[in-house]
Amino acid sequence: QVQVVESGGGLVQPGGSLRLSCAASGSIFSINFMGWYRQAPGKQRELVAGITSAGSVNYDASVKGRFTISIDNAKNTVYLQMNSLKPEDTAVYYCIAHIAYSGRSNYYQHWGQGTQVTVSS
């Protein structure tokens, strides 16, 4: 059974920082992508940042220069360093991992349970 578990969310003032972590575990053959989505009330879930196992990264324009995504392939763990946080960053942040299994070529999306990030003064 594959588990994807986030941690690191919390309450922070505008301008503050948080570091989110997400670890995938279980019967994993390989992971080719991990990333962070977020969903605010009344809005669709949107990609914040993603990174491939090869190290290619993409950021939503709203977080470029403020957030940094990184991956530890050996640990199947992705991190999101969030600096200069703004109230509009408030959302539930979800980790996603694209995971392949032995004997299968497809990568399946596995989601974490989400971690709340609240930016408020």
Side-chain angles (χ1 to χ4, degrees):
Q1 186 71 30
V2 172
Q3 300 289 328
V4 178
V5 180
E6 306 104 326
S7 63
L11 175 65
V12 65
Q13 293 185 348
S17 298
L18 287 172
R19 183 176 175 85
L20 306 183
S21 299
C22 172
S25 62
S27 300
I28 299 169
F29 180 74
S30 65
I31 297 175
N32 73 349
F33 176 87
M34 296 186 78
W36 293 93
Y37 283 72
R38 66 186 179 189
Q39 188 166 26
K43 296 186 177 181
Q44 294 189 79
R45 190 172 297 186
E46 62 182 7
L47 179 67
V48 177
I51 185 167
T52 71
S53 59
S56 297
V57 300
N58 282 301
Y59 296 97
D60 183 81
S62 67
V63 306
K64 285 183 178 179
R66 299 189 298 120
F67 292 10
T68 302
I69 190 169
S70 60
I71 191 167
D72 185 334
N73 290 299
K75 296 181 179 180
N76 292 326
T77 299
V78 67
Y79 306 93
L80 187 67
Q81 178 66 47
M82 304 186 294
N83 299 325
S84 301
L85 283 161
K86 303 175 180 179
E88 51 263 45
D89 295 318
T90 296
V92 178
Y93 284 69
Y94 296 92
C95 178
I96 187 169
H98 294 182
I99 298 171
Y101 307 97
S102 181
R104 302 283 184 176
S105 60
N106 291 346
Y107 286 81
Y108 297 89
Q109 295 183 353
H110 289 266
W111 293 91
Q113 81 287 352
T115 185
Q116 177 71 47
V117 172
T118 302
V119 184
S120 177
S121 60

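We're numbering straight along the sequence, starting at 1.
- Atom CZ in Arg38 sits 4.5 Å away from atom OG in Ser62 (nearest 0.5 Å).
- Looking only at side-chain heavy atoms (C-beta outward), Arg66 and Asp89 come within less than 4.5 Å of each other.
- With hydrogens and angles left out, the side-chain atoms of Ser17 and Asn83 include a donor and acceptor closer than 3.5 Å.
- If you take CZ on Phe29 and OG on Ser105, they are separated by 11.0 Å, rounding to the nearest 0.5 Å.
- Taking CG from Asp72 and CE from Met34, the interatomic distance works out to 10.0 Å, rounded to the nearest 0.5 Å.
- A 4.5 Å side-chain heavy-atom check between Leu11 and Gln116 finds every atom pair outside the cut-off.
- Cys95 has its side chain within reach of Val78: a pair of non-hydrogen atoms, C-beta onward, lies under 4.5 Å apart.
- Taking 4.5 Å as the limit, some side-chain heavy atom of Val4 sits within range of a side-chain heavy atom of Cys22.
- Here the side chain of Thr52 pairs no donor or acceptor atom with the backbone of Asn32 at under 3.5 angstrom.
- Cluster annotation: Ile51 and Ile96 are assigned to distinct hydrophobic clusters (Ile/Leu/Val/Met/Phe/Trp/Tyr, side-chain heavy-atom contacts under 4.5 Å, transitive).
- Counted within 6.0 Å of CD on Gln44, heavy atoms from surrounding residues, nucleotides or ligands total 12 or fewer; the atom is thus considered open.
- No side-chain heavy atom of Ile99 sits less than 4.5 Å from a side-chain heavy atom of Tyr108.
- Counting all heavy atoms, side chain and backbone alike, Val119 lies closest to Lys86 at CB-O, 3.2 Å.
- When the side chains of ILVMFWY residues are joined at heavy-atom separations under 4.5 Å, either directly or via intervening members, Val92 and Val48 end up in two distinct hydrophobic clusters.
- Under the 4.5 Å side-chain heavy-atom criterion for ILVMFWY residues, no single connected hydrophobic cluster contains both Tyr79 and Leu85.
- The aromatic rings of His110 and Tyr101 stand perpendicular to each other, their planes meeting at an angle above 60°, with 30° marking the opposite boundary.
- Proximity of Trp36 to Glu6: side-chain heavy atoms (C-beta onward) are separated by under 4.5 Å at one or more points.
- Here the CZ atom belonging to Arg104 is positioned 14.0 Å from the OG atom belonging to Ser30, to the nearest 0.5 angstrom.
- The six-membered or imidazole ring of Tyr107 lies away from that of His98, with a centre-to-centre distance of 6.0 Å or more.
- Connection of Met82 to Tyr37 is not established within any shared hydrophobic cluster, with ILVMFWY side chains joined at heavy-atom distances below 4.5 Å, either directly or through further cluster members.
- For the residue pair Val117 and Gly9, the shortest heavy atom distance occurs at CG2-CA, 4.2 Å.
- Ile69 and Tyr94 sit in two unconnected hydrophobic clusters of ILVMFWY residues. Membership requires side-chain heavy atoms under 4.5 Å apart, directly or through other members.
- Going from atom OG of Ser25 over to atom CG of Asn76 covers 8.5 Å, rounded to the nearest 0.5 Å.
- Ala23 approaches Thr77 most closely through the heavy-atom pair CB-OG1, 3.6 Å.
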